[in-house]
Amino acid sequence: MLPLYHGGSVVLNRAKGEAIKMPIPRSEYLSNVWKDGIFDGRVVFVTGGAGTICSAQTRAMVHLGANACIIGRNVEKTESVAADIATARKGAKVLGIGGCDVRDPESLKRAADRCVKELGAIDFVIAGAAGNFIAPIAGLSSNGFKTVMEIDVLGTYNTVKATIPYLIESAKRNPNPPGDGLTGGRIIYVSATFHYAGMPMQAHVAAAKSSVDSISASVALEYGPYGVTSNVIAPGGIEGTEGMDRLSSTKTDYRETAKHIPSGRWGTIRDIADATVYLFSDAGNYVNGNVLVVDGADWRNKGTGVGRDLSMQYPNYLLNWAETQKYVKTGRKEKPKL
Ligand code: HXC
């Protein structure tokens, strides 16, 4: 099993005899194309912000100028990840609100109000809190199914309800397209691709994520006229994350099993952080009600193995077609005329 992404390393200052927390290098969570300051003075509110994917999204926003408020159930973890994210930029304010369960609308509303009181606004929202475990339908109780539906679907709905008044205010302050390049009034939901084709052992998660996509569409339609944009990011398998940890077996190293992914590798937290920055930035102004799949085309590769034996496994037959076609009855024997 791979280690999960963790906070920056700690080094010892021998002269002072004290430990110094080193920030995670930018290259791990943000590509080089984005300009510092594009989220200056803006505030991002993130549910599930202490998790591996959402903390990278938050870290990227903070690095580029935003302050942040992350929400989680575990008090200690949420506060320590908030402190770690704050190392991404000198002077950054990152509030960690633990003890907040997205299933409880009142506790979310209190968190959103506190964020605005302490940081001044909510300009961006990332609805990332989610629950997942592998279970066949036969091993999934009604309560197990309900629990994931409540965390993902009701939690997302509660997040929208608690933050939308602030997003509308932000959208008013930040007309789209912006004159100054600074944006606001945007929400992203972290979804999945499981529900496009269905996924065994994930009936609960697939049902939940398809509802999350649906909520995003409703928000785009109802609040687009108020200047708010609402989009989904659907990550594929992202290495080093809690999701992959939960969905993988300890028997093999999953990095060796990425051949079926057309882009040839698993995703990274940076891929998701970059997609987030794009949608929240001046570059994403006209993207609304959309689903941005960031998975190297993995979800599309459900039936592209055209053959029935090992030599016809994706992508081998594509890469060695000259050799493979010698053994395929319908394969072209000569070069095409054009
Ligand atoms: C079957 C299970 C189960 C399992 C729990 N349950 N785990 N059933 N197989 N492995 C059942 C319980 O038996 C119970 O039903 C019901 O679910 C509620 O369980 P609780 O433990 O009481 O719930 P709760 O404490 O609220 O915990 C929620 C949780 C837990 C989802 C079960 O795993 C959790 O807190 N997860 C949060 C973190 C997380 O999952 N992160 C992953 C995010 S990654 P009964 O019938 O016994 O009462 C992600 C990736 C998406 O979302 C895909 C990306 C590609």
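First listed ligand is number 1; within each ligand, the first listed atom is number 1.
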Undergrad: Report the nearest protein non-hydrogen atom to atom 17 (O) of ligand 1: residue, atom name, distance rounded to 0.1 Å.
TA: G144 CA, 3.2 Å
Undergrad: Under 4.0 angstrom from atom 21 (O) of ligand 1, is there any protein heavy atom?
TA: no
Undergrad: Quick test of your reading of the model: are D113 and K109 salt-bridged, counting only N-O distances below 4.0 Å?
TA: yes
Undergrad: Need the ligand 1 atom indices (1-based, order shown) with element for anything under 4.0 Å from a heavy-atom of A135.
TA: 1 (C), 9 (N)
Undergrad: Are the aromatic ring centres of F39 and F124 under 6.0 angstrom apart?
TA: yes
Undergrad: Report the nearest protein non-hydrogen atom to atom 50 (C) of ligand 1: residue, atom name, distance rounded to 0.1 Å.
TA: N132 ND2, 3.6 Å
Undergrad: R42 side chain to N67 main-chain N or O, any donor-acceptor pair under 3.5 Å?
TA: no
Undergrad: With a 4.5 Å cut-off on side-chain heavy-atom distances among I, L, V, M, F, W and Y, is there a chain of contacts connecting F145 to I134?
TA: yes
Undergrad: In the protein, what heavy atom is nearest to atom 35 (O) of ligand 1, and what distance, to one decimal place, separates them?
TA: R73 NH2, 2.7 Å
Undergrad: Is the closest heavy-atom distance from Q202 to ligand 1 below 4.0 Å?
TA: no
Undergrad: So if I count the atoms of ligand 1 from 1 in the order they appear, which ones are less than 4.0 Å from some heavy atom of G131?
TA: 31 (C), 39 (C), 40 (O)
Undergrad: Using 30° and 60° as the class limits, which term best fits the ring planes of W299 and Y196: parallel, tilted or perpendicular?
TA: perpendicular
Undergrad: Return yes when at least one protein heavy atom is under 4.0 Å from atom 12 (C) of ligand 1, and no when none is.
TA: no
Undergrad: Can you tell me which residue and heavy atom of the protein come closest to atom 44 (S) of ligand 1, and the distance to 0.1 Å?
TA: G243 CA, 3.6 Å
Undergrad: Side chains of D274 and W34: donor-acceptor distance under 3.5 Å anywhere?
TA: yes
Undergrad: Please identify which atoms of ligand 1 are closer than 4.0 Å to at least one heavy atom of G139.
TA: 1 (C)
Undergrad: Closest non-hydrogen protein atom to atom 14 (C) of ligand 1, residue and atom name please, with distance?
TA: N143 ND2, 3.9 Å
Undergrad: Should R26 and D36 count as an ion pair when the cut-off is N to O under 4.0 Å?
TA: yes
Undergrad: Atom 52 (O) of ligand 1: protein heavy atom closer than 4.0 Å?
TA: yes
Undergrad: Backbone or side chain, does any N or O of S191 fall under 3.5 Å from an N or O of ligand 1?
TA: no
Undergrad: Before giving the answer on side-chain hydrogen bond (donor to acceptor under 3.5 Å, both in side chains), spell out for D295 and T193 the whole-Å C-alpha distance, their side-chain angles and the decisive distance to 0.1 Å.
TA: CA-CA 9 Å; D295 77 336; T193 59; 4.7 Å; no
Undergrad: Pick from V232, L279, N231: which one makes a side-chain contact (heavy atoms from CB on, under 4.5 Å) with N290?
TA: N231
Undergrad: Could you identify the single nearest non-hydrogen protein atom to atom 33 (O) of ligand 1 and state the distance to 0.1 Å?
TA: R246 NH1, 3.3 Å
Undergrad: In ligand 1, which numbered atoms sit nearer than 4.0 Å to a non-hydrogen atom of S141?
TA: 15 (O), 45 (P), 46 (O)
Undergrad: Counting distance only, does the side-chain N/O of S230 pair as donor-acceptor with the main-chain N or O of G289 below 3.5 Å?
TA: no
Undergrad: Among I269, T276, I24, L64, which residue meets the side-chain contact (heavy atoms from CB on, under 4.5 Å) test with L30?
TA: L64
Undergrad: Can you tell me which residue and heavy atom of the protein come closest to atom 6 (N) of ligand 1, and the distance to 0.1 Å?
TA: F133 CZ, 3.7 Å
Undergrad: Shared ILVMFWY cluster between V33 and V294, side chains joined below 4.5 angstrom?
TA: yes
Undergrad: State if R103 counts as touching ligand 1 under the rule of any non-hydrogen atom under 4.0 Å.
TA: yes
Undergrad: Select one of side chain, backbone, both or neither to describe which atoms of A130 lie under 4.0 Å from any atom of ligand 1, heavy atoms only.
TA: both
Undergrad: Considering non-hydrogen atoms of the protein only, which is the closest contact for atom 18 (C) of ligand 1, and what is the distance?
TA: T147 OG1, 3.2 Å
